[in-house]
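Both counts, for ligands and for their atoms, begin at 1 and track the order of listing. None of the values given here were measured: they were computed from a predicted structure. Note: hydrogens, waters and symmetry copies are ignored here, and every other heavy atom, side chains too, is used.
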Amino acid sequence: MSLASEVAVLKAPCSNPVMRIVRLSPRVAEQIAAGEVIERPAAVVKELIENSLDAGATEISVVLEEGGKALIEVLDNGHGIAPEDLPLALARHATSKIKALEDLESLHTLGFRGEALASIGAVSRLEVLSHVQTSAQSLGPHRVRLDHSTQELSSPRPEPATFGHFLGKPHGTRIRVEGLFSQIPARLKFLKSAGSELSAVREWMERLALAHPQVGFQLRSDSKEVLNLRPQSEEDRVRMIVAEGEDFPLLSAESSAGQGLQLKVYWVQGMSLSHTRNLIQLVNGRALRDRLIQQAMLGPFRQALLPGKFPAACAFLTVDPREIDVNVHPTKTEIRFLEPRKLFIAFDEALGSLIHAHGSISYVGSSGHTQSSGFSQSDLMLGAAEKPHASHTTGAPAHGSLPVRHPALAPFTPGQFLGVLFRTYLAYDLGEELGLIDQHAAHERIRYEGLKKRALSRAASQDSQALLIPEVVRFEGGKESELETKLPLLRQLGFEAEIFGPGQLLFRASPPEWGTQDLRVRLSGLVDRLFSLERATKNPSNESLFLDEKLFEKLASEACRSSIRAGDRVEAWGANALIEQLSQCEHPWNCPHGRPTVARVPKARFEEWFQRTV
Ligand code: ADP
Ligand code: MG
């Protein structure tokens, strides 16, 4: 193409006539609006189950054909919809759940936007059959249908008495969605295979089922049973879904970050996965996929899992409705927090204490595949250990079909030292288990903590180093006096800083330990952390201020370089010294980058290998 024609092409759009504005037909507008709420069968199922839960159902059954592309049917035994309300239920912006905007401040239902049924009806053939039974009189079940192409609604017709019951109750609702997107090729082509759509449906159902363990859930797909969850305790449901029925120890802890936010979190100790599907967030009974919550959940695992690995955990958050905005996304899968910091505090406290106390180490489970697992730090420690304030759940699950679990926390009082395997693993006979320690990972952890301690104490005691050119860090104007009160903390760490003008902090010197690489960015991160400190922790810790990503990496790689390696010779006395020092560590379970330091193999595995058990 010549330059001249290229220029002509570039100019072309500008020479177009001005486009005229036309009003979209209600049908097209409806379909476009539907696109925000409904993108695939899983979204339909989520909305319909939320409606069933809002209607107080104790049993919900979902039937799919072709992954929901041909048919989605949701049946519940909730309170039902009165015949005269049926047309309204299908209208956009019609809801029985709120009346005014202020009602969002005290919302106790999952729905409130009044657009799910209307949206579903815009992109499929929709039929609603429902029955309300009051003590006075019953009009019997009624049914409405929405005509797909004309969007006309049939008037509610009584259903012949042949319709039996709604999952054991005389009242309830059945919603059928046929041919989702069949008339909208542009949307249809984005649907995946029936199998992928089914797994997405199942994932959302499981999340909602976790939030409502007292409710029974069934899922059938192309006449095969996929899920059948009977009403059960919260813990059992977590074990079934988050731990996938495997016999990992299930630990739990609670915390509250001030008023208005309570957290109960379950952690499937030792399950490490390469995806985030088993990281579940439930807020006030609502299943979410919120980026910020995920970030807060993963924070405490920073040093406990390798990069790219994710834990299995389920968070039940109870938040004062006034502290959140649930109306930020049409699918209601994200929310906004008034004070996001509280989230981080709560997760740091609850999950942080569990990880600190129990660690995540490798464990050879019953199915023979390696699982990372753990035992308590107090078991590893030779001396007396502080009691973690987290509670861990013990005891066999009530549900009969669940496998029996291994004891969660077996003792690791260093037993008899057996020798070194493959010139890498220190082996101990623990009586009922074989204990293994990775000599490099363990030493790395010991060295890292030593280096960290040294860096902190040097920063506090050594002279700070004047900067060649002072650095100015900007902060939010008006916060000068708040910052002023926190400056002594920086001084303790070897920084010299003063408020320079509105919203400006001038750094004249920094501790030599910090180095000068990327200084400006790092100082600005330091100021951010300083601002968030007091609200985050009751006793501001110098460590969390001082230790940024850069310094962490520097110390971790120094620790790695100066540690004994795999293949290096370790004698018995060295092995004992290593385990002794490891047990003094703050976080003995992993090397700084998250690789496990300890593994254990139960005696039962050996018996399996040698077929002593039948
Ligand atoms: P929203 O849930 O936001 O109110 P929907 O479009 O999902 O909006 O539902 C509209 C209305 O229809 C609800 O407010 C409720 O009154 C009624 N409804 C829908 N599904 C059910 C159901 N399964 N049981 C009882 N009522 C229902
Ligand atoms: Mg709804």
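- On a distance-only criterion, Asn51 and ligand 1 share at least one N/O pair closer than 3.5 Å.
- You'll find the side chain of Val326 stays beyond 4.5 Å of the side chain of Asn284, heavy atoms only.
- Heavy-atom contacts of Ala94 reach the following atoms of ligand 1: 10 (C) (cutoff under 4.0 Å).
- Checking only distances, Asp76 does come within under 3.5 Å of ligand 1, N or O to N or O.
- Taking every non-hydrogen atom of Gly111 and a distance limit under 4.0 Å, the qualifying atoms of ligand 1 come out as 2 (O), 3 (O).
- Side-chain contact between Phe166 and Leu75: present, with at least one pair of heavy atoms (C-beta onward) separated by less than 4.5 Å.
- In this structure, atom 6 (O) of ligand 1 lies nearest to the protein heavy atom Leu117 N, 2.9 Å.
- Short contacts between ligand 1 and Lys97, defined as distances under 4.0 Å to a heavy atom of the residue, involve ligand atoms 1 (P), 2 (O), 4 (O), 13 (C), 14 (O).
- Checking each of Leu117, Asp76, Val62 against Leu48 for a side chain to side chain contact (heavy atoms under 4.5 Å, CB included) leaves exactly one that passes, namely Leu117.
- With a 4.0 Å heavy-atom cut-off, ligand 1 is reached by the side chain of Thr173 but not by its N, CA, C or O.
- For Phe112, a nitrogen or oxygen atom sits less than 3.5 Å from a nitrogen or oxygen atom of ligand 1, counting backbone and side chain alike.
- A heavy-atom separation below 4.0 Å is not found between Ser119 and ligand 1.
- Heavy-atom separations between Gly114 and ligand 1 include at least one value shorter than 4.0 Å.
- At a heavy-atom distance under 4.0 Å, only side-chain atoms of Ala55, from C-beta outward, approach ligand 1.
- Distances shorter than 4.0 angstrom do not occur between any heavy atom of Glu47 and any atom of ligand 1.
- On a distance-only criterion, Ala118 and ligand 1 share no N/O pair closer than 3.5 Å.
- Judged by the 6.0 Å and 45° rule, Lys479 forms a cation-pi pair with Phe531.
- Any N or O atom pair closer than 3.5 Å counts here, and Arg113 shares at least one such pair with ligand 1.
- Asn51 lies close to the Mg ion (ligand 2), since one of its N, O or S atoms is found at a distance under 2.8 Å.
- Regarding atom 12 (O) of ligand 1, its nearest protein heavy-atom neighbour is Ala89 CB, 3.4 Å.
- Test Lys192, Arg40, Arg202 against Glu197 for salt bridge (charged side-chain N to carboxylate O under 4.0 Å, His left out) and you get one pass: Arg40.
- Salt bridge Glu127/Arg143: present, at least one basic N to carboxylate O contact under 4.0 Å.
- Numbered from 1 in the order shown, with element, the atoms of ligand 1 that lie under 4.0 Å from a heavy atom of Glu115 read 6 (O), 8 (O).
- Closest to atom 17 (C) of ligand 1 among all protein heavy atoms lies Ile81 CD1, 4.0 Å.
- Ligand 1 has no N or O atom lying under 3.5 Å from any N or O atom of Leu48, backbone or side chain.
- Checked against a 3.5 angstrom limit, the closest N/O atoms of Ile175 and ligand 1 fall outside it.
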Practice item. Evaluate the criterion salt bridge (charged side-chain N to carboxylate O under 4.0 Å, His left out) for residue pair Glu549 and Arg302; output intermediate values, then yes/no. Key: CA-CA 11 Å; Glu549 204 63 36; Arg302 216 175 66 109; 3.0 Å; yes

